[in-house]
Amino acid sequence: MGMKPIDEQHIAEPGLVVLDITGGDEDTVRAVAAAFEARWATSGIGPVRRGPGEPGVRARIYADILRTRRGSPYPTA
């Protein structure tokens with residue numbers, strides 16, 4: 001039950017990133033994703049998954065680190 005592979009289409013332009021977040025529980029993974037969403041333009045968190053026999057949970061988020069969220073206290077990179 002792994003994540004789909006990342007290909008060139010996912011990161012075809014400068015500033016686009018794919019972040020795989022792994023945490024001990026779903027609340028932690030969602031909190032980390034929310035922190036990214038508060039800073040950059042993102043896809044929003046994908047499904048939170050638990051792999052059979054693997055510790056923790058995982059989720060994926062796509063972000064454009066050159067575009068900050070409106071009202072974000074962080075400057076663009």
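Every heavy atom of this structure was used, including side-chain atoms; hydrogens, water molecules and symmetry mates were not. The structure displayed is predicted, hence computed values, not measured ones.
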Original post:
Is the closest side-chain heavy-atom distance between R39 and I65 below 4.5 Å?
Top reply: no

Subject >> Heavy-atom side-chain contact between V18 and R60 under 4.5 Å >> reply: yes

Original post:
Taking all non-hydrogen atoms of both residues, which atom of A59 and which atom of G46 are closest, and how far apart?
Top reply: CB-O, 4.3 Å

**OP:** Specify the closest pair of heavy atoms between G15 and L66, including all atoms of both residues, with the distance to one decimal.
**Re:** CA-CG, 3.8 Å

Original post:
For I45 and V48, which heavy atoms make the closest approach, and how far apart are they?
Top reply: CD1-CG2, 4.0 Å

Original post:
Under 3.5 Å, is there a donor-acceptor pair between the side chain of T42 and the main chain of A63?
Top reply: no

Original post:
Got a second to check how far I21's CD1 is from F36's CZ, nearest 0.5 Å?
Top reply: 5.5 Å

Subject >> Basic-acidic side-chain contact under 4.0 Å: E26, R30 >> reply: yes

**OP:** Find out whether R58 and D20 are in side-chain contact, i.e. whether some heavy atom of one side chain is under 4.5 Å from a heavy atom of the other.
**Re:** yes

Subject >> Test item: V29 and T22 side chains (from C-beta on) under 4.5 Å apart, heavy atoms >> reply: no

Subject >> Heavy-atom closest contact (W40 atom, D64 atom, distance) >> reply: CB-O, 3.7 Å

